[in-house]
Every structure is written in C-alpha cells, then in structure tokens.
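Reckoned from all heavy atoms, side chains included, excluding hydrogens, waters and symmetry mates. Each chain gets a letter, A, B and so on, in the order its sequence line appears, and its residues count up from 1.
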Number of protein chains: 2
Amino acid sequence: MSENERQTEEKIFESATEVFLKKGMDGARMQDIANHAGINKALLHYYYRTKDHLFNAVFEKIAGQMFKKFAPVLDENHSLEEKIRFFFQEHISFLQRNPRLPVFLINELNRNPERIKKLIKNLDINKLWSTLEKQHKEEFVKYNITKETIPQLMTSIAALSVFPFMAKAVISGLMEKMGYDFNAYLEARKKFAADFVIKAITK
Amino acid sequence: MSENERQTEEKIFESATEVFLKKGMDGARMQDIANHAGINKALLHYYYRTKDHLFNAVFEKIAGQMFKKFAPVLDENHSLEEKIRFFFQEHISFLQRNPRLPVFLINELNRNPERIKKLIKNLDINKLWSTLEKQHKEEFVKYNITKETIPQLMTSIAALSVFPFMAKAVISGLMEKMGYDFNAYLEARKKFAADFVIKAITK
DNA sequence: TTTACATTTGACCAATTGGTTAAACTATTT
DNA sequence: AAATAGTTTAACCAATTGGTCAAATGTAAA
C-alpha cells in the first residue's frame, strides 16, 4: 500500500525532525525517534539506511527553509525601507513558528564545517548583491550604505532577527524575572528592529 | 608533590575546556580529553569523579567569564554613549580571544534548561536596571529610550556583538566568497556596532 | 488460491563509552 | 630504610547504541 508507505516515511521524517531539533545529531537516539514515530527501530534503517542519512535529510530541508526566507526580499519591487520592514516581519514570524531552528543550524554547522561550503554553494551571493545594488543605487547614497559597510549591515539585520531565538532561554528567563512577556517582546520586535535599522542607516 | 598535582589538574581542566568547547557535552569523549592531556583516562575520574562533574566545572567557569563582561559597564562613570562604545570594544575583543564561547553556551543552555535559572539567579537584573536608570535618567529622555524599549535595546546590543561569533562559520564562508576578510570585519565591527546603536537611539 | 514482493518486527551483534579496580609507582614521614 | 599515603596506570566491566538479519506479516498480481 503506497499510501501507508508514504505515511510511515512521513511519520519517521517528522519524528526525526522533532528529535534532532531538540537534541542535535549527537544527542539524538535512533530509539527515541522510533518510539516517537510509534514504530520499530529496524524500520528506521529500512527507510533511511543510517543515522547519517536520516540526519542529512532532515538537515537539508531545515537549512533550505531557513535560507529561503532571505531571498524573496529581492523579488519585490519595493523601496529599501519597505524591504527591511518586510524582512523583519516575515523572518521573525517564521522563527516564531520554528523557534528551535537557529540553535540547531548553528550548532550543526559548527560541528560539521564541511556543510557550510555545500550550503553557500547554492546561493550566489555576488549576484544577490549586484541585484540589490542595481535596485537601490540612489537609496544607498541617500542612506549611509557603502560597499564596505554592506557586510556589517547585512549581519546586523540578521543578528537583530535571529539572536532572540538563539538566546531565547536566557532572554525569556531574564524577562520573566523583570515582569516582561517574551511573546509580546517578539511581537514588538518586528517593528522595533525595522525602525532601529532604518534609523541607524539614515544620514 | 602538590605542585605536580596542581599541574595535572590544570592540564586536565584546560584539555577538557578545549574539547568541550569544540564538541559540546554530547560530542566530547573522556578518552579524547585524556589523550589531549597526555594522561590515562582513569586519572580523569580520579580528579573529577564523573564526566558531569568535569563538564560542570568547565561550564561554570566559562559562563562566568561570559557574563562578567556585561557588568563593568555599570561601574564606570561615563556617559551612555561612552559606555556603549566601551562595551562593544571590550566585548568583541573578548570574543575574538574566545570565539567558540557563544555557540557552546547557547547550545548547552538549550540542552539543559535548568542551568539557566542557576545562571540568572546570580545576576540581579533589576538592580542593574535601576542603577542604569539612575545614572542616565536625563540621557534616556534625550535618546529614544523608555522602560518599554529597554529589553529591545539590550538584546539588540547583545545581538550585534555576539551574533558574528555564533554565525561565524556562515559569515566567514560568505565573506571569503566575496573577497572580504572576516578578521578585518570583526575589527571594524567594534566601531560600526557602536555607531549603529547610538545613531539608532538618537532622537 | 497461490505466488511474489514489499513492509514490519523481535532478537541479536559488534563497537563505543563512561566508569571501576587492583596493582604499580612516587613521594613524604618516621 | 621502612612504613604510609597519595598518584598513575593497564586491564576490565556493564550499559548504551547504531546497525543487521531472518522470520513474520501484509498486499497485490497471476
């Protein structure tokens, strides 16, 4: 029954994703994943031959999701300011639905540096940059953006969006102690971060 | 010989720190640590009874180092702007010397959430905040800082400093491809981040 | 119904790993 | 120098873990 088969594979993949996200490659146990999927451990190996195979499948999908979110900024025909607002809105919303993603990714990329080249190979950063430059040449002059500060700006934007999820444990712990609500903080951050960046780059 | 003994313990601790920082608790092997220290594996257990003991010793020290760096900002009798510049200068310099620290900390805090309460218990964030408020009451009005935006601002500052080290693998990979130098980027970041924040909060 | 094929399972295996132990070694005390 | 106490080692153990395999079960075609 091909339908059952697909259901099983999907269930395995879902369970593996959940366990790997929570425990990482080293911490995850095949038995855990099997239990979580309600199947026998041997069945895992039947569908995905080894732990590495299974992990790679999960990692590939997750990494793809994460980086895809950076791209659509380019497609739109909006102003730079609109793009920045759009990015924080979309990216933080995405991370709200997948809060464990950043820690997982960073950690696994750190554990296995070879993955990075593979990841980077897929996105042509030079083309991305030249597109941006073409679209916003006048705006870059209007704002405080030069070819030299581009990496600083890009990483700052990424940092403001991703960091709260990486340090979620610490931040939410501190906030609880001060009477703030972490979810409200995240919601407010979509606007705050955008304002923050725009203000910072305005001449 | 008490001198030899201390040397051995120190060697073990150093080796453990290095291995744990690189591989994390799950990935680290007692045998690795022993080899790295040039001693027998049983000797590890003689000095630190279990892997957990050893790991906790390492973690405690590392976490302490990291968070201490946030405190001295308060002692100085400088203006808010000077404090911000001072923080980025010192914090990024510290992370340049200990680049693996952020990923390690975040990952282990994520793996074992109970640690967080223990960590947070030690720093009285409310007192910290009220001190800051007292010291810079007029400046907060001059800038765009309110009680509500404080968490946003604090996390943004932390993000701008820490994120490059968390995402170092990705960032340096991308930069290499674009002809930028990661170390130069870090050096420039000390000033860029400070300017960025100050510009952003200026009314 | 029988044949053929894929799917699922329980039992098992070999390797790894944290941890133990008894003996050997070293240094200090008497 | 002999006894005592702390330090280091090699060999070993029990538990965990990724992975295998032959048998059992289900399913669709002949």
Engineer: So which nucleotide from D:dT9, D:dG19, C:dG19 ends up closest to the side chain of B:Leu43?
Structural biologist: D:dT9
Engineer: Going from CG on A:Leu153 to CD1 on A:Ile84, what distance comes out if it is rounded to the nearest 0.5 angstrom?
Structural biologist: 6.5 Å
Engineer: Send over the distance from A:Asp32 CG to D:dT16 C1', rounded to a whole Å.
Structural biologist: 12 Å
Engineer: Might you point out which heavy atoms bring B:Ile116 and B:Leu109 nearest each other, and give the distance in Å?
Structural biologist: CG1-CD2, 3.6 Å
Engineer: With a cut-off of less than 4.0 Å, is there a side-chain N or O of A:Asn40 near OP1 or OP2 of C:dT8?
Structural biologist: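 No.
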Engineer: Does a side-chain heavy-atom distance below 4.5 Å link B:Tyr48 with B:Glu9?
Structural biologist: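 Contact flag for B:Tyr48/B:Glu9 side chains = yes.
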Engineer: Hey, is the side chain of B:Thr8 poking within less than 4.0 Å of OP1 or OP2 on D:dT7, counting only N and O atoms?
Structural biologist: no
Engineer: Compare the minimum distances between each of C:dG19, D:dT9, C:dT8 and the side chain of A:Tyr47, then state the nucleotide with the smallest one.
Structural biologist: C:dT8
Engineer: Rounding to a whole Å, what distance do you find between B:Leu44:CG and C:dT17:P?
Structural biologist: 14 Å
Engineer: Nearest heavy atom decides the nucleotide; on that basis, is A:Gly38 or B:Asp52 closer to the 5' end of DNA chain C?
Structural biologist: A:Gly38
Engineer: To the nearest angstrom, how far is A:Lys51 atom NZ from D:dT17 atom P?
Structural biologist: 9 Å
Engineer: Mind checking the CZ-OG1 spacing from B:Arg189 to A:Thr149? Nearest 0.5 Å is all I need.
Structural biologist: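 Reported value, rounded in 0.5 Å steps: 11.5 Å.
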Engineer: Does the ring center of B:Phe20 lie less than 6.0 Å from the ring center of B:Phe55?
Structural biologist: yes
Engineer: Any non-hydrogen side-chain atom of B:Arg85 less than 4.5 Å from a side-chain atom of B:Ile198?
Structural biologist: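 Yes, close enough: below the 4.5 Å cut-off.
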Engineer: Starting from C1' on C:dT9, measure out to CD1 on A:Ile12 and report it in whole angstrom.
Structural biologist: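 For the pair A:Ile12 CD1 and C:dT9 C1', the rounded distance is 13 Å.
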Engineer: Is the ring pair A:Phe94/A:His91 parallel, tilted or perpendicular, if the boundaries are 30 and 60 degrees?
Structural biologist: tilted
Engineer: Which nucleotide sits closest to the side chain of A:Tyr46: C:dT9, C:dG19, C:dA6?
Structural biologist: C:dA6
Engineer: Heavy atoms only: give me the nearest A:Ala200-B:Ala200 pair and the separation to one decimal.
Structural biologist: CB-CB, 4.0 Å
Engineer: Rounded to the Å, how far apart are B:Leu54 CG and C:dT17 P?
Structural biologist: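 Answer to the nearest Å: 16 Å.
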Engineer: Please state how far atom CG in B:Asn35 lies from atom P in C:dG18, giving the value in whole angstrom units.
Structural biologist: 12 Å
Engineer: Can you identify which nucleotide, out of D:dT20, D:dT9, C:dT17, has its nearest atom closest to the B:Ile39 side chain?
Structural biologist: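 Given the options D:dT20, D:dT9, C:dT17, the side chain of B:Ile39 is closest to D:dT9.
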Engineer: Can you see if the side chain of A:Arg49 gets near the phosphate of D:dG19 - specifically, an N or O under 4.0 Å from OP1 or OP2?
Structural biologist: no
Engineer: Take the protein atom CD1 of A:Ile33 and the nucleotide atom P of D:dG18, then report the distance between them rounded to whole Å.
Structural biologist: 8 Å
Engineer: If you go through the side-chain atoms of A:Lys41, does one of them form a donor-acceptor pair with the base of D:dG19 closer than 3.5 Å?
Structural biologist: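 Between D:dG19 and A:Lys41, which were checked side chain against base, a qualifying N/O pair under 3.5 Å is present.
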Engineer: Quick one, which residues of residues 16-28 of chain A touch DNA chain D with a heavy atom under 4.0 Å?
Structural biologist: A:Ala28
Engineer: For C:dG18, take OP1 and OP2 only and decide whether either is under 4.0 Å from a side-chain N or O of B:Thr50.
Structural biologist: no
Engineer: When the distance from CZ of B:Arg29 to P of C:dG19 is rounded to whole Å, what number comes out?
Structural biologist: 11 Å
